[in-house]
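This structure is a prediction, so every number in the text was calculated from the model and none was measured. First listed ligand is number 1; within each ligand, the first listed atom is number 1. Just the heavy atoms: all of them, side chains too, but no hydrogens, waters or symmetry mates, feed the values below.
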Amino acid sequence: MIPPASKVVKNPRAKHGFRGRTCSITAVGSYVPEKILTNADLERMVDTSDQWITTRTGIKQRRIAAANEHTSHMAAKAALRAMAKGGISPEQIDLIIVATITPDMPFPATACLVQQQIGAYRAAAFDIEAACSGFIYALEIGQQFIMSRTYDTVLVIGAEKLSAIVDWTDRNTCVLFGDGSGAAILQSRPNAHGLLTACMGADGNKADLLSMPGGGCRCPATADSVSARLHFLRMEGKETFKNAVNAMYTAAQESLRRCELCISRIKCVIPHQANQRIIEAVGERLGAKPEQVFVNLDRYGNTSAASVAIALDEAVESGRIQRGDLILLMVFGAGLTWGAAVIEW
Ligand code: UT7
């Protein structure tokens, strides 16, 4: 008989002398905008086909936010859903971390706008930027505040309005991305393992593979920068693909190794939803069975920092994940950045 997960999982942090409390995800929530943009719609916008998009990416449709619906609005909606499910009041929240590459504006932080919208006036608030890896980076940061007893309740959100930075004339990228948000409440629960480990990595040598060149201090907005289309996302797809497979595989293996787990013990693998072929390649290298791997890419496309957050909420809501199950998250994005996390649900 296989012993329950709680009997076999070592707390990897304990090995290194960690004496603090553990951190659990006590509730999750997500939100996607109503408007659906299908592959057929894209066929009318650029030189592409449903057949190409489906076979090369696995994406069938994506959600697009309304003109007056911004990242902070979507983030707040996901947060309120997580709070409702967890029975968390706005006053309980000590810290809000928003992971995004599409903040409402360069400053103030989108997290501050979310604080105002959900009425969490006690909370400190800041954004982090680790592109599509942002949700795991934010989880790990939030976890540190819980484990160190600095805060009791941390709200972590991944939210994106990528439709605002996609070049809708570039078929190489515009078919890939969508809008949405996902949120998680972090708290300490006695006797619950929660987040067992998270590893993060980055390689700034490959920053040019995926970037938005305009809008920062290096290239502020000018008439020239706008006409050169520098305020849109750019990607070298093939190189990004190869790096994504290698980095997510390596991060996932490292996370499993730290917890002394093999992939067969994982109930649900939740990869960053960028491309079905990337998901399959990483899954195969890890030895995961297709039924272990959660995919919603076909419905939402790549939602960057919101991607695994939305998938996690859907996996919980659909009953794919039950309390006590072991789950593996893995992410990859611009930076380059990557990460993986093992969670006992
Ligand atoms: O979230 C951050 C991480 N992001 C990723 O990990 C994305 C990684 N990259 C990818 O998913 C894939 O590289 C893409 C889906 C972006 C592209 O797939 P690919 O198989 O690498 O295609 P490609 O870029 O090598 O292009 C193959 C052909 C080209 O035509 P030629 O030069 O062979 O004649 C492209 O022009 O497909 C063409 N193409 C398209 N055709 C129809 C590129 N985009 C399209 C399109 N519709 N939308």
Side-chain angles (χ1 to χ4, degrees), residues 37-62 99-102 129-137 158-163 165-182 200-204 206-212 232-252 270-283 285 293 295-298 300-311 329-340:
L37 186 72
T38 64
N39 291 350
D41 295 329
L42 282 161
E43 283 177 352
R44 291 187 283 274
M45 295 162 63
V46 286
D47 179 16
T48 191
S49 65
D50 173 47
Q51 201 258 345
W52 191 96
I53 302 170
T54 306
T55 53
R56 303 312 292 163
T57 73
I59 301 166
K60 298 296 285 184
Q61 60 184 47
R62 64 290 290 145
T100 187
I101 52 169
T102 48
E129 203 271 81
C132 303
S133 307
F135 190 67
I136 284 187
Y137 269 63
E160 302 284 9
K161 185 174 177 175
L162 294 168
S163 58
I165 61 163
V166 160
D167 182 347
W168 292 104
T169 66
D170 175 15
R171 72 173 184 174
N172 291 295
T173 52
C174 76
V175 302
L176 304 173
F177 299 97
D179 301 334
S181 60
M200 306 182 289
D203 182 1
K206 295 177 179 166
D208 288 343
L209 287 184
L210 179 48
S211 68
M212 187 172 84
F232 293 121
L233 171 163
R234 294 175 169 190
M235 177 168 70
E236 286 181 38
K238 271 211 184 323
E239 268 313 296
T240 307
F241 187 112
K242 282 187 236 159
N243 280 279
V245 174
N246 286 332
M248 282 202 284
Y249 169 74
T250 307
I270 302 185
H272 173 46
Q273 309 281 312
N275 186 314
Q276 182 67 32
R277 293 182 294 133
I278 294 177
I279 292 172
E280 281 168 12
V282 180
R285 278 178 74 177
V293 182
V295 177
N296 63 8
L297 170 80
D298 49 328
Y300 304 132
N302 181 348
T303 56
S304 187
S307 160
V308 290
I310 296 171
L329 309 183
M330 48 194 188
V331 289
F332 174 83
L336 298 178
T337 54
W338 57 85

Practice problem: May I ask you to check if ligand 1 and R277 share an N or O to N or O distance below 3.5 Å? | Solution: yes
Quiz item: Can you find an N/O atom of F177 closer than 3.5 Å to an N/O atom of ligand 1?
Solution: no
Quiz item: Between E239 and K242, is there a side-chain N and carboxylate O pair less than 4.0 Å apart?
Solution: yes
Quiz item: Do D179 and R62 meet the salt-bridge criterion of a basic N to acidic O distance under 4.0 Å?
Solution: no
Practice problem: Tell me which part of I278 gets within contact of ligand 1: side chain, backbone, both or neither, using heavy atoms under 4.0 Å. | Solution: side chain
Self-check item: Heavy-atom protein neighbour under 4.0 angstrom from atom 44 (N) of ligand 1
Solution: yes
Practice problem: Find all atoms of ligand 1 within a distance of less than 4.0 Å from any non-hydrogen atom belonging to M235, and give their numbers and elements. | Solution: 4 (N), 7 (C), 16 (C)
Exercise. Give the numbers and elements of all ligand 1 atoms closer than 4.0 Å to a heavy atom of L210.
Key: 2 (C)
Quiz prompt | Results of side chain to side chain donor-acceptor pair (under 3.5 Å) for D298 - residues two or more places apart only | solution = none
Quiz item: Nearest to atom 1 (O) of ligand 1 by heavy atom, T337, N302, L42: which?
Solution: N302
Self-check item: Polar side chain donor-acceptor pair, E160 to T303, under 3.5 angstrom
Solution: no
Quiz item: Can you tell which of E43, H272, K238 gets a heavy atom nearest to atom 22 (O) of ligand 1?
Solution: K238
Quiz prompt | Short side-chain donor-acceptor distance under 3.5 Å, T38 and K60 | solution = no
Quiz prompt | Proximity of T48 to ligand 1 by residue part, where a heavy atom lies under 4.0 Å | solution = both
Quiz item: Can you list the ligand 1 atoms lying under 4.0 Å from a non-hydrogen atom of N275?
Solution: 10 (C), 11 (O), 12 (C), 15 (C)
Quiz item: By number and element, which atoms of ligand 1 are closer than 4.0 Å to a non-hydrogen atom of C132?
Solution: 1 (O), 2 (C)
Practice problem: Please say whether R56 places an N or O atom under 3.5 Å from an N or O atom belonging to ligand 1. | Solution: yes
Quiz item: At a non-hydrogen distance cut-off of under 4.0 Å, which region of W52 contacts ligand 1 (side chain, backbone, both, or neither)?
Solution: side chain
Quiz item: Is T57 close to ligand 1, meaning an N/O of one under 3.5 Å from an N/O of the other?
Solution: no
Quiz item: T55: what forms a side chain to side chain donor-acceptor pair (under 3.5 Å) with it, not counting sequence neighbours?
Solution: none
